[in-house]
Amino acid sequence: MSTREKYWLKVWSEKRAFEPDPVEGKKKVFATVPFPYMNAAVHVGTAFTAARVEFYARFKRLQGYNVLFPWAWHWTGKTIVGMSQRLKQGDPVVRRAFIEIDGVPREEVEKFVDPEYLASYYTKVSRQVMKDTGFSIDWRREFRTVDPAFRKFVEWQYLHLRELGYVVQGTHPVVWCPFDKSPTGDHDRMEGEGVSPEEFNLIKFHLGEFALVAATLRPETVYGATNVWVNPDAEYSEARVDNELWVVSSAALTKLSEQKHDVVPVRSFKGSDLVGMFAMAPLTGKSLPILPGKFVDSSLATGVVYSVPAHAPYDLMALRDIQEGRVPVGRQVKEIADKIVPIPILTVKGYSQVPADDAVKRLGVTDSLDPRLEAATEEVYSAEFHGGILSQSSGPLAGLTVVEAKAKALELIAKTERLSKMFELPERVVCRCGTRCYVKILENQWFLNYSDQAWKAKARLVVDRAKVFPEGAREWFYSTIEWLNDWPCARRSGMGTKLPWDKDWIVETLSDSTIYMAYYSISKFVNLEKIGPDNLTTGALDYILLGKGNPANVAKAAGTTEKRLKDIRAEFSYWYPVDLRNSAKELIPNHLTFYAFHHAALFPEKLWPRGFGINGMILVEGKKMSKTKGNFVTWRGALEKYGADPFRLALALTADGMDDADWRDRSAQDAKGKVESVVPFVKKSLKAATARETDALDHWLVSSVHRRILTATEAMEEMKIRRASATIFLDLWNDVRYYIHRTEKPRKQTLVDVFSAWVRMMSPFTPFMAEELNHELGGKGLVCQADWPSTKDFPLDERAELAEAVMNRVIEDARNVLKVVKGPRTTLNIYVCSDQAKSFFYELAAAKRKDENVGLVIKKFAALKVQPGRILKLSYEIGDEMLTKLLSNRGFDEFRTLSDASGFMSKELGIKVVVQRAGAKDIRDPANKARDALPTKPGFFLE
RNA sequence: GCGGGGGUCGCCCAGCCUGGUCAACGGCGCGAGGCUUAGGACCUCGUCCCCUAGGGGUUCGUGGGUUCGAAUCCCACCCCCCGCACCA
């Protein structure tokens, strides 16, 4: 960090520039960013999102608002604990990420086996990098989500949510790791990403006094069953399940017992022991032989399936394996198998009676272990599902579509009490800890019931009432609210706050962070030790947050003073609601929408969020940033490489809206160049300037600045950070450059005024450089406490703008002529149109504007011998804006403007320029070009 | 599959809501010139194609349509990115 940066940081800190307290009567802005999770170093993505609020906060401060931009750290959850654990187990990947990417010293990493230490380390370094970047955060309010006082706040929230009926208990199937004794989410998996529990139907075939339980996803095919498959090599068991005697694979027993079935194993045996027996199918009452099928996965569901060879390619091939002798079986079994013929149960367009056979033939499948069977199965299933109609052989299902038949079959089987269900994972899922997962039905889980229609409606109202930047994101909120289902809000493990009424559960990460912005008003007092966790009773928080209760009584009960409670209440009432919450778009489907839900539930409408800011994700050199890809850029790394101001400016200029922000070294280098050349540019410009009266060009510059202020202000109000910063650092700068280039002698006072506005507009983005420049310009006080420039100080001057625009049009035109016309030339004669042509043209413009017939006016031009096509074309080409300006500035003197600019034009065009008035006496016009002159479109003659 | 956002002149990107000012803003890159001992920085001009008088042609994912006129409005299609839940 440079000494200048250190200097200004110290000044800001000493002046307590960013430590706002409530000021009665002063309008406020409360802007926040979701706190980062402290399992790693903060990176450019975090910086990008946070910087948008930082810019906004500084902008609003200049506008005179009392602005609060607080910060906190998220420690809740099991990720931090998980990383510590993995480190402890010696996982080299985690270790390397700590050291090589995050840059943690080795001796520190050793201590990361303690999760609290890990989190506190990252909190410490993240805080420092944010401070070094010059973020205008009020650090007095900082907290961690594991702080005792914050826990009291979460408890308060959940007690109320439960009272309101928004927290309910429920029973759900989850992907479960028996080692971690916890659900295994997608990102906690080594294998099986995206796999979720599927409900299998269990159909009981009578096998003497036992039920042989087959699992299927296609119950509608039951009338086509010809036999039952078991894996001859797998282990099966007899067991008492819910007081019935079942035969299933041994592996299924654990799963069944985890899914609310009462399971008592009796004895186990090999699958081959079942082969040759007969089991009775439900509905049809047919006795079906049990045959050996090696393709049967005994670890999937019950390890028993029934065979529908007409419609299931696997079944067909397994049957043929036996019939054609590829799989040796006993003679008796062979005889039984040989008699089996597929039973078609549905018809589907484009297939024969036995669709499985069609598919198998087409793909050239050779036996039941052929991998192409997967594709064959998918093909047949898809075709039948979308177009199959059940045929007569399916009895009561005849004539139904597959979807209808499924429901009907289940209904019929259920009636015979031969139906059960179990959840199963369609693919292998392995936890990060290496344990194979299965489905467990979790009982008495706590849910936030986001499926509640009334609650949804209220959440929608929150979004209705709020501003959303960009507007395009609003729809996403609505569809998320629509789609959101009950959310499991508590877990068994990890850091966080226990549910106050059920201490076995810890409030899960996304669920403890929904209204915490309210806590920033309290944390200030907690950090000053003016109130402690023990004082933050439900009653005290009811008073602070909802204004409920008598403060004197509440204070007494909470062991604090009435004044203290009133102070905190006042703090909260002043800052709340949140005016802006900005985050990356990935948080819309969860955090931000939860935030809307919880505010809807707990707070009155006037405390609901006022604004949502959404930005895209960060890319690095056009690619998604990731630790494994090796393109990870930490905040600290970028800050040190480019310096605070360039880093900030580069972030500002990266992207707007929901577009992904592409972090490129080149752009950052470019920003660095810009930041570094501002001060020299200003100094050099002022040095060349002189004291003089204003002229048209000064008015032009001032007028341009007026427009730049307007654009930048509007953009900032809508969180279009890129647009605003580009206007300030590119467009405005170009205006000044043009002014200096164009004028013979820059006027000092004009530049001083413009630079004074400029430095203030730059300051939200590049505060260090801005303070420095402000100081150079002799500005009093700190620029971060100055006023955002007002357009009033930079009056619009349409006529000056018009003059510049017309002259540039003429130059452009002339360039074209010079480019096209070859040959030697020394002088460019410019003929400005006559007053008569001008007035005709204005007449034409006015007529056109009123949609009147322009024929009459064109005829008038005929007298002047102007080509009519030229007139009409110009009236289009000139554009609405220019036309409006012309009409509202009829006194605009084009001849005078161009005459005055002839020196400049001559310099620009590299040729002598002579401006003359068409129609005037004694003009030099050998080619008769003056005749064609029109407003803004003079005639040219090159000689 | 469902939901959200996008596809613009080498690259990044503005414009699209409120049709004509759009061959289309700005930045980068590239080319020419200036400045400079040189380099860098900075400044000017150029950067879709054609043109010996300011003109013409073909462009804004693709194909249709509405309109005197469409990058902008409507319809269909193609492609890309993001999210899809017990987790930050």
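In what follows, chains carry the letters A, B, and so on, assigned in the order in which the sequence lines appear, proteins first and then strands, with residues in each chain numbered from 1.
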Kindly indicate whether a cation-pi arrangement holds for [X] with [Y], taking the cut-offs as under 6.0 Å to the six-membered ring centre and within 45° of the axis.
X      : Y      : answer
A:R737 : A:W733 : yes
A:K627 : A:F632 : yes
A:R460 : A:Y478 : no

May I ask you to say what [X] touches in the nucleic acid, namely base, sugar-phosphate or nothing, with a heavy-atom cut-off under 4.0 Å?
X      : value
A:N485 : base
A:T184 : sugar-phosphate
A:L730 : sugar-phosphate

Listed nucleotide nearest any side-chain atom of [X], set [options]:
X      : options                : result
A:V174 : B:rC86, B:rG26, B:rG54 : B:rC86
A:H741 : B:rA85, B:rU44, B:rC28 : B:rU44
A:N816 : B:rG46, B:rC28, B:rG54 : B:rG54

Please report the distance separating the [atom1] of [N] from the corresponding atom of [M], rounded so that it comes out in whole Å.
N      : M      : atom1 : value
B:rG57 : B:rU8  : P     : 26 Å
B:rC16 : B:rG6  : C1'   : 13 Å
B:rG20 : B:rG5  : C1'   : 29 Å
B:rU18 : B:rG4  : C1'   : 25 Å
B:rU67 : B:rC75 : C1'   : 16 Å
B:rG31 : B:rG83 : P     : 40 Å
B:rG19 : B:rC74 : C1'   : 13 Å

**Prompt:** Should the pair A:W455 and A:Y450 be assigned to parallel (<30°), tilted (30 to 60°) or perpendicular (>60°) ring geometry?
**Reply:**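 If you compare the ring of A:W455 with that of A:Y450, the planes turn out tilted.
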
**Message:** Check the orientation of A:H172 and A:F447. Use parallel for under 30°, tilted for 30 to 60°, and perpendicular for over 60°.
**Reply:**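 The arrangement is tilted - the two ring planes meet at 30° to 60°.
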
**Asked** Can A:E508 and A:W487 be counted as having a side-chain donor-acceptor contact under 3.5 angstrom?
**Response**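 Present: a donor and an acceptor within the cut-off.
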
Return the polar atom pairs (N/O with N/O) between nucleotides 1-7 of chain B and the protein under 3.5 Å, or none.
from  : atom 1 : to     : atom 2 : distance (Å)
B:rG3 : O2'    : A:S479 : OG     : 2.9

**Asked** When the nearest nucleotide of RNA chain B is assigned to A:Q445 and to A:R664 on a heavy-atom basis, which residue is associated with the more 5' position?
**Response**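 The 5'-side residue here is A:R664.
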
**Request:** Figure out the NZ/C1' separation between A:K683 and B:rC42, and round it to whole Å.
**Result:**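 One finds 17 Å between C1' of B:rC42 and NZ of A:K683, rounded.
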
**Prompt:** Atom CG of A:D660 to atom P of B:rC80: distance rounded to whole Å?
**Reply:**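 Rounded to the whole Å, the gap is 16 Å.
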
Side-chain N or O of [X] less than 4.0 angstrom from OP1 or OP2 on [N]?
X      : N      : answer
A:R666 : B:rG29 : yes
A:R723 : B:rG15 : yes
A:K929 : B:rG54 : no

Donor-acceptor contacts under 3.5 Å from residues 676-688 of chain A side chains, at least two apart:
from   : atom 1 : to     : atom 2 : distance (Å)
A:S677 : OG     : A:G673 : O      : 2.9
A:S677 : OG     : A:K674 : O      : 3.2
A:S685 : OG     : A:F681 : O      : 2.7

**Item:** Strand partner of B:rA32, provided both Watson-Crick or wobble distances fall under 3.5 Å
**Value:**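 Result: B:rU44.
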
